[in-house]
Amino acid sequence: MRFAFLSDIHGNATALEAVLNDLQTQQIDEIYILGDLCFRGPEPKRVIELIQGSGAKVLKGNADEWLIRGFKDGEIPKERLDLFQKERDWTLSRLDQEDLDYLKNLPTEFVIDDGQDLIVHAFHATPSSLFDVVPLDDSSKIENELMIRDEADIYIYGHTHHPYVRSIHGKNVVNTGSVGMPFDGHPLSSYIIIDIEDGNHSIQLKRVPYNREHVVEIYKQSGYPNIEEMGAVIYYAVQPK
């Protein structure tokens, strides 16, 4: 079996389209998308349409939850809250109730058992939270907050926009990185392929180029309320302050 895992598209339909086109050349058996679908990007509606047309199995992320119910105290720094609210309002104006119902009803985790004595546990941020951030270099937190399902062999998630693969106690912990908004200084979209055969597995990190200039132009043409910052994120793959 060959599985693809991707996450954190954030309304970047151009990047998602490039990744889906790349996947068509990879002989993938199943695609899993681990949340944060359309908030903070210039084409939220088209992202949902592409995802629904892909046949992928999809999880909810924190950004999807924000679109559904807004921001709770402490989730956004106070000095950033007004800007985030403007971005949320802009995104909601491009979606309809059917889109919001779709986001609301997404599951929050997958346990994938291929019948070959290998189990994959997939989630957005942690198994118990859509919002918590576990640093990639904090082994204790990884063990205590991510690796909580003992029977799993692979734990895979998104949320941090920093792709990596780590081996801990003979098990693999994997971050997909981000399709639409990488933060690791490498502006190409990232996703993960896991090959499973006879109880063994291999993991590949894939990077896919896309037309970043086109995405920034769409931000500008659409009147997005935070064009300068988001343009820098797209061009340079750095986390906004």
Side-chain angles (χ1 to χ4, degrees), residues 6-16 33-48 59-95 99-100 103-104 106 108 123-126 128-138 141 145-146 157-164 175-187 189-190 212-213 215-241:
L6 45 144
S7 189
D8 296 273
I9 300 156
H10 288 287
N12 188 340
T14 301
L16 176 60
I33 299 177
L34 307 186
D36 282 10
L37 308 186
C38 51
F39 183 39
R40 307 206 79 193
E43 294 187 275
K45 181 76 171 183
R46 192 159 83 90
V47 164
I48 289 180
L59 294 181
K60 182 190 295 184
N62 63 292
D64 309 309
E65 186 74 0
W66 278 336
L67 285 179
I68 296 161
R69 51 83 161 157
F71 310 109
K72 293 183 178 180
D73 289 346
E75 291 179 348
I76 303 294
K78 290 183 179 179
E79 66 274 13
R80 303 273 291 169
L81 185 57
D82 182 62
L83 179 59
F84 266 67
Q85 189 60 60
K86 289 178 180 177
E87 292 185 65
R88 178 176 182 264
D89 291 344
W90 183 95
T91 304
L92 290 174
S93 73
R94 273 114 179 120
L95 302 176
D99 299 323
L100 295 179
L103 296 176
K104 181 179 180 180
L106 291 172
T108 58
F123 40 87
H124 178 68
T126 77
S128 60
S129 170
L130 297 177
F131 296 89
D132 290 347
V133 175
V134 176
L136 62 89
D137 58 352
D138 191 328
K141 281 195 171 185
E145 297 182 32
L146 301 184
Y157 69 111
H159 191 49
T160 68
H161 300 218
H162 286 263
Y164 74 89
N175 192 287
T176 64
S178 173
V179 168
M181 201 178 290
F183 290 164
D184 62 342
H186 193 333
S189 298
S190 67
R212 289 174 288 145
E213 291 79 7
V215 174
V216 173
E217 186 60 30
I218 298 173
Y219 270 116
K220 293 176 180 177
Q221 292 179 3
S222 66
Y224 195 80
N226 189 13
I227 295 170
E228 184 174 344
E229 181 177 74
M230 301 315 295
V233 171
I234 295 297
Y235 275 128
Y236 303 115
V238 293
Q239 186 168 356
K241 296 179 180 179

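- Here the closest non-hydrogen pair linking Leu59 and Thr108 is CD2-C, 3.7 Å.
- Here Asp99 pairs with Lys45 under the side-chain hydrogen bond (donor to acceptor under 3.5 Å, both in side chains) rule; sequence neighbours left out.
- Summarising the geometry, atom OG belonging to Ser178 is positioned 11.5 Å from atom CG belonging to Leu34; distances are rounded to the nearest 0.5 Å.
- Only one option out of Leu92, Leu95, Thr91, Ile9 pairs with Phe39 in a side chain to side chain contact (heavy atoms under 4.5 Å, CB included); it is Thr91.
- Not counting sequence neighbours, the partners of Ile68 by the side-chain contact (heavy atoms from CB on, under 4.5 Å) test are Lys60, Glu65, Leu103, Lys104.
- For the pair Arg40 and Phe84, the cation-pi test (distance below 6.0 Å, angle within 45°) is passed.
- Remark: Glu145 engages no residue in a salt bridge (Lys or Arg N to Asp or Glu O under 4.0 Å) (not counting sequence neighbours).
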Assess whether side chain to side chain contact (heavy atoms under 4.5 Å, CB included) is satisfied between Phe183 and Val233, documenting all intermediate values.
-> CA-CA 8 Å; Phe183 290 164; Val233 171; 4.0 Å; yes
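- When side chains are defined from C-beta on, Pro135 counts as touching Lys141, because their heavy atoms get closer than 4.5 Å.
- Across every non-hydrogen atom of Ser189 and Val179, the tightest pair is OG-O, 2.6 Å.
- One finds the OG1 atom of Thr176 at 8.5 Å from the NE2 atom of His161 (value rounded to the nearest 0.5 Å).
- Interatomic distance, OG of Ser222 versus CD of Glu43, reported as 8.5 Å (0.5 Å rounding).
- Remark: Asp184 pairs with Arg207 by the salt bridge (Lys or Arg N to Asp or Glu O under 4.0 Å) rule, at least two apart or across chains.
- Not counting sequence neighbours, Arg88 has no partner by the salt bridge (Lys or Arg N to Asp or Glu O under 4.0 Å) test.
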Met181/Gln239 under side chain to side chain contact (heavy atoms under 4.5 Å, CB included): CA gap, chis, key distance, verdict | CA-CA 9 Å; Met181 201 178 290; Gln239 186 168 356; over 6 Å; no
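- Side-chain contact between Ile218 and Thr14 is present, with at least one heavy-atom pair separated by less than 4.5 Å.
- Under the 4.0 Å criterion applied to side-chain N and carboxylate O atoms, Arg212 and Glu217 are not assigned as salt-bridge partners.
- Listed by chain and number, the residues in a ring pair (Phe, Tyr, Trp, His ring centres under 6.0 Å) with Phe131 are Trp66 (sequence neighbours excluded).
- No side-chain heavy atom of Leu37 sits under 4.5 Å from any side-chain heavy atom of Leu67.
- Side-chain atoms of Thr126 and Asp132, non-hydrogen and from C-beta on, do get closer than 4.5 Å to each other.
- Other residues, nucleotides and ligands contribute over 12 non-hydrogen atoms within 6.0 Å of the CG atom of Asp89.
- Scored by the side-chain contact (heavy atoms from CB on, under 4.5 Å) test, Tyr164 finds Leu136, Ile142, Leu146, Tyr157, Arg166, Val173, Asn175 as partners (sequence neighbours excluded).
- In terms of the side-chain hydrogen bond (donor to acceptor under 3.5 Å, both in side chains) criterion, residue partners of Asn12 (sequence neighbours excluded) are, by chain and number, Tyr210.
- Remark: Asp82 engages Lys86 in a salt bridge (Lys or Arg N to Asp or Glu O under 4.0 Å) (not counting sequence neighbours).
- Distance check: Glu87 CD to Asn226 CG gives 4.5 Å after rounding to the nearest 0.5 Å.
- Separation of atoms CG (Asp64) and CG (Asn62) is listed at 7.5 Å; rounding is to 0.5 Å.
- With contacts defined as side-chain heavy-atom distances shorter than 4.5 Å, the pair Arg80/Pro240 qualifies.
- Considering all non-hydrogen atoms of both residues, Gly35 and Ser7 come closest at O-OG, 3.5 Å.
- For Tyr235, the OH atom sits in a packed shell: over 12 heavy atoms of surrounding residues, nucleotides or ligands are nearer than 6.0 Å.
- Residues forming a side-chain contact (heavy atoms from CB on, under 4.5 Å) with Lys72 (at least two apart in sequence, or on another chain): Arg69, Glu75.
- Residues meeting the side-chain contact (heavy atoms from CB on, under 4.5 Å) test with Ala125, sequence neighbours left out: His159.
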Verdict with supporting geometry, Leu16 and Leu6, side chain to side chain contact (heavy atoms under 4.5 Å, CB included) = CA-CA 9 Å; Leu16 176 60; Leu6 45 144; 4.0 Å; yes
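- Qualifying ring pair (Phe, Tyr, Trp, His ring centres under 6.0 Å) partners for Tyr224, counting only residues two or more places apart in sequence or in other chains: Trp90, Tyr219.
- Environment of CD in Glu228: sparse, with no more than 12 heavy atoms of neighbouring residues, nucleotides or ligands closer than 6.0 Å.
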Take His124 and Asp36, measure what side chain to side chain contact (heavy atoms under 4.5 Å, CB included) needs, and give me the verdict at the end.
-> CA-CA 8 Å; His124 178 68; Asp36 282 10; 3.4 Å; yes
